[in-house]
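To start, the structure under review is shown below, and the notes come after it.
Just the heavy atoms: all of them, side chains too, but no hydrogens, waters or symmetry mates, feed the values below. Counting starts at 1 for both ligands and their atoms, in listed order.
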Amino acid sequence: MDRFDVRGGNRLSGRLTIKGSKNAALPLMCASLLTDESFVLRDIPELADIANMQRLLPELGVEVAYDRASDPESPGGVLRMKVTDLTASHARYDVVRTMRASISVLGPLLARRGYARVSLPGGCAIGERPVDIHLRGLAALGADISLDGGDIIARVPRAPGGKPGRLVGARVFLGGPFGSTVLGTANVMSAATLARGTTIIESAACEPEIVDLANLLNAMGAKITGQGSPRIIIEGVESLGAADHRVIPDRIEAGTFMCAAAITGGDITLDNCPVDALMAHMDRLQHMGVVMQYEASADPMRATCRIMFDSIAKVLQPIEVTTQPHPGFPTDLQAQLMAVLALADGNSVVTERIFTERFLHVAELSRMGAKLYRQGSTVVVSGVRHLVGAPVMASDLRASACLVLAGLAAKGTTVINRVYHLDRGYERMEERLRTLGAEIERVNERESATLAPGVA
Ligand code: EPU
């Protein structure tokens, strides 16, 4: 198991190209199940979650080949996929439990093959994470849904005469107690592309990853409008064709590097930066006194953005931040922003409204000297002058990113254990931070134990 050793105190500066989006790429990969023709995705980052999906899809009859990017600073490699077997429709627990996004195969399998068996994902470190709304949406399109041995069984009823049936368009409401559902919207929208008639999704997720998926599906011949708004309209078509699509850049990776500039008083320029998808995050950083410069570009999802610490203000200002569905402040950046707020000049208030238990970083940040007071889904962050390095760990991807950020600014060395969580969502994070001037090393625990017994 690897760990990161971070020696804090360096002011980061330099330039990076933002990688392709993990959370866009995963449901896009599942859309390969909707066509028999060739399916190519570009700018796919090298991440553990992508590798997991590359393991799952062949079990469902999809041939997958990945060409790594020749330039490590490019947004990513190329994935080529093709369905070769339509009979295997079981996403097993062994795979699904390693990655919840595996649920995204459900809608495409059901729509194209009329049958899907997908292990029900359990809870995870950030909360319960039910999939009831996904199932409600697919049932509204006519699917028979049941549970067997921990698996979701979804079936399209046969047509009269025993012929294969088809899903039927319907008006579907996807709102839940915490807003809409991103992967639920992806599942229902994907399934509806091949349904008979028109589907209207009300209270659809507006996240940029849903817009990217709709754009890919439309390029394959689907008829989707309204993506990016809470009402998506899908007119079903008979079949979908080939695809060659470039995934959007990762707004959470970009937002994390923005926090790295803020917390180290640095000056970082990000290319391929989806500023259009990061308005709430950039607004919060600006209120803290961070200077953002970006030029209106032809494609505001691939802009160049410079993030600088305001040397006149000298101290970061405290703020209030509440996570919300897009275009509100994203839950996937809450932990990282909290690391920055830990060093602000006063009391900040952070409220989590999407995953109300997503606070694994709080106890670990406190071990580094942060002053945090949690009550339910709100944390009051009372800024301190400095953080102090310590051994820490968190069993959640974004909480681990928060600890890396804290380590970059802390006095002394921070040891972040279990970095496989980071590898799920950040490609070579330590190398990228090193190019900006950070002192950060990946250490293989087993090797270091062999070389220096007792140290690891
Ligand atoms: N929810 C329900 N019922 C459902 C589905 C969701 O009650 O059937 C609740 C969830 O428990 C949560 C809220 O609705 O309280 C939103 O969950 P959502 O379904 O939108 O989350 P998701 O689609 O499973 C994706 C991202 C997450 C990100 C969330 C919210 C992927 C692969 N995952 O998850 O990303 O936090 O949307 O934006 O796209 C991450 O990258 O670290 C990550 C966790």
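In this structure a side-chain-to-backbone donor-acceptor pair under 3.5 Å is missing from His361 to Cys402. Not one N or O on the side chain of Asp271 forms a donor-acceptor pair closer than 3.5 Å with the backbone of Thr17. Here the side chain of Thr356 pairs no donor or acceptor atom with the backbone of Arg353 at under 3.5 angstrom. Between the Arg171 side chain and the Ala140 main chain, no donor and acceptor come within less than 3.5 Å of each other. Checking side-chain atoms of Arg374 against main-chain N and O of Val379 turns up no donor-acceptor pair under 3.5 Å.
Under 4.0 Å from ligand 1, heavy atoms of Ile354 appear from its side chain as well as its backbone. Contacts between Thr331 and ligand 1 below 4.0 angstrom, taking non-hydrogen atoms only, involve the side chain exclusively.
What sits closest to atom 41 (O) of ligand 1 on the protein, heavy atoms only, is Arg398 NH2, 2.7 Å. Of the protein's heavy atoms, Pro130 CD, 3.4 Å lies nearest to atom 11 (O) of ligand 1. What sits closest to atom 17 (O) of ligand 1 on the protein, heavy atoms only, is Phe355 CZ, 3.8 Å. Looking at atom 9 (C) of ligand 1, its nearest protein heavy atom turns out to be Phe178 CD1, 4.1 Å. The shortest contact between atom 43 (C) of ligand 1 and any protein heavy atom is with Asp332 OD1, 3.3 Å. Closest to atom 23 (O) of ligand 1 among all protein heavy atoms lies Leu183 N, 2.8 Å. Among all non-hydrogen protein atoms, the one lying nearest atom 22 (P) of ligand 1 is Arg129 NH2, 3.7 Å. If you check which protein heavy atom lies closest to atom 18 (P) of ligand 1, you get Val182 N, 3.7 Å.
With ligand atoms numbered from 1 in the order given, ligand 1 contributes 32 (C) to contacts under 4.0 Å with heavy atoms of Ala101. Against a heavy-atom cut-off of under 4.0 Å, Val131 is close to the following atoms of ligand 1: 4 (C), 8 (O). Ligand-side atoms of ligand 1 in range of His134: 8 (O), range being under 4.0 angstrom from any heavy atom. Interface of Leu397 with ligand 1, defined as ligand atoms under 4.0 Å from a residue heavy atom, comprises 42 (O). Of all atoms in ligand 1, listed by their number and element, those nearer than 4.0 Å to a heavy atom of Ile133 are 2 (C), 3 (N), 4 (C), 8 (O).
Between Arg117 and Asp148 a salt bridge is recorded (basic side-chain N to carboxylate O distance below 4.0 Å). Salt bridge present: Arg80 and Asp67 bring a charged side-chain N and a carboxylate O closer than 4.0 Å. By the 4.0 Å N-to-carboxylate-O rule, Arg3 lies close enough to Asp5 to be salt-bridged with it. Ion pair Glu430/Arg442 flagged as a salt bridge, since at least one NZ, NE, NH1 or NH2 atom sits closer than 4.0 Å to an Asp/Glu carboxylate oxygen.
For Thr225, the side-chain contact (heavy atoms from CB on, under 4.5 Å) criterion is met by Ile233, not counting sequence neighbours.
No more than 12 heavy atoms of other residues, nucleotides or ligands lie within 6.0 Å of OH in Tyr294, so this atom counts as exposed by the packing criterion.
Assignment of Arg424 to the shell around ligand 1 is not supported, since no heavy atom sits closer than 4.0 Å.
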Exercise for the section: Take Asp2 and Val443, measure what side chain to side chain contact (heavy atoms under 4.5 Å, CB included) needs, and give me the verdict at the end. Expected result: CA-CA 6 Å; Asp2 292 354; Val443 181; over 6 Å; no
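Summarising the contacts of atom 44 (C) of ligand 1 with Met53, Glu207, Arg358, the nearest heavy atom is found in Arg358.
Residue Gly184 has no nitrogen or oxygen atom sitting less than 3.5 Å from a nitrogen or oxygen atom of ligand 1, judged on distance alone. Residue contacts with ligand 1: Lys22 is placed with a nitrogen or oxygen under 3.5 Å of a nitrogen or oxygen of the ligand (distance criterion only).
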